[in-house]
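When a ligand or atom number is given, it counts from 1 through the structure's own listing order.
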Amino acid sequence: MKDKEIERIIKLEEKRQKGVVNLIASENYVSRDVLRALGSVFTNKYAEGYPGARYYGGNEIVDKIENLVKTRALKLFGLSSKNWNVNAQPYSGSPANLAVYLALVPLGQNPPAGRARIMGMSLSMGGHLTHGHKVSVTGKLWNWIHFGVNKKTELLDYGEIRKMARREKPKLIVAGFTAYSRVIDFKKLRKICDEVKAIFMVDMSHFAGLVAGGAYPSPFPYADIITTTTHKTLRGPRAAIIFSKKEFSQAVDKAVFPGLQGGPHVNQIAAIAVCLKEAMSPAFKKYAKQIVKNARALARELQKRGWRIISGGTDSHLFLVDTWARGLSGKTAQELLEAEKIIVNKNTIPFDNRSPFDPSGIRIGTAAVTTQGMKEKDMLKIAERIDKILSK
Ligand code: DSN
């Protein structure tokens, strides 16, 4: 690079990434091909519109890449273009979710305050900011009602969710998590949606790679709309995709562009295409299964050493540790581990009495370390290190 200052900083980050054990559940390490596509000349191109219907000239090659990403996305998840549409233009997960709400719960048609129109899992129980948290624009523009987990089991309580849905009659029900470690029963949620005539959306950002690799149940047989970021377990660029059933796809496309965004980031779209192809390989299936094996091994090993794991274990790539049960706040635990080059994030646990800035737990994920080739035996060593550091 000519810009030595930036080159030096990039190298520093490369070194940092290589020198730590990365247990951030939403991060991963992309392939050289993904990086190559991200750094390609597609970053120079404006392509407002969709393939075959652009507002700028010179888009014949961009059309090829955008059409290819759609074909690959459908193929990866075993979907037919007769029933499903793919929009790969959202800049990332938050605008993808916002676009879906704009498309399906049009503003101006909200009922008076007090009646919920969208139902989702609260952030503090494991949902996401864009599932209607009050500080997010999604929570400011729409009326939400939130469900959490059962206090005793720390699992989703479908009976409670059903009761809430029957009472509130939401237009849309959103499932998906950033900090819930268990399988979601999509079939049960579909039934609830049918009963109250709600549209069913799944935000599979965290577990998309696991679904692609057959290591977590697929929401596709049940959901109407599925959003996903592409940079977590799917191991692609920071970007997002919206899958919508044909009846919703026109509204979703319009909400993304021109409703919410301008020109798509074509370099990101090219990089999504790369990661989708990578995720079709047998090696990726093995990878996805190994992520879950690793998460289970790490959770089990920490449990053996006396650490309380929320809900008692994991079915996915992540889990929460209740560090406060041993008198250590999440922030302190994060800092102690970071000082020893183990990177995690502090996280609220269900029914947390502490502040989100210094909550009761930490979140641990295994997607990144599994990319580095780690297996169960390595998890045992990591658990030993974590235990030693936090027990000091
Ligand atoms: N903030 C991300 C996470 O870490 O889970 C989700 O967007």
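Cation-pi check for R235 over Y287 is met; the charged atom lies under 6.0 angstrom from the ring centroid and within 45 degrees of its normal. Both tests hold for R326 against W307: distance to the six-membered ring centre under 6.0 Å, angle to the ring axis within 45°.
For an aromatic pair to be called close, the ring centres must be under 6.0 Å apart, and Y222 with F200 fails this.
Taking every non-hydrogen atom of H128 and a distance limit under 4.0 Å, the qualifying atoms of ligand 1 come out as 6 (C), 7 (O). Proximity to H206 (heavy-atom distance under 4.0 Å) selects the following atoms of ligand 1: 3 (C), 5 (O). Annotation for ligand 1: atoms under 4.0 Å from non-hydrogen atoms of K232 are 6 (C), 7 (O). Of all atoms in ligand 1, listed by their number and element, those nearer than 4.0 Å to a heavy atom of S26 are 3 (C), 4 (O), 5 (O). Annotation for ligand 1: atoms under 4.0 Å from non-hydrogen atoms of T178 are 5 (O), 6 (C).
Within a 6.0 Å radius of CZ in R305, other residues, nucleotides and ligands contribute more than 12 heavy atoms.
Proximity of E27 to ligand 1, defined as any heavy-atom pair under 4.0 Å, is not found for any part of the residue.
We find that K388 and E384 are not joined by a salt bridge, their nearest charged nitrogen and carboxylate oxygen being 4.0 Å or further apart.
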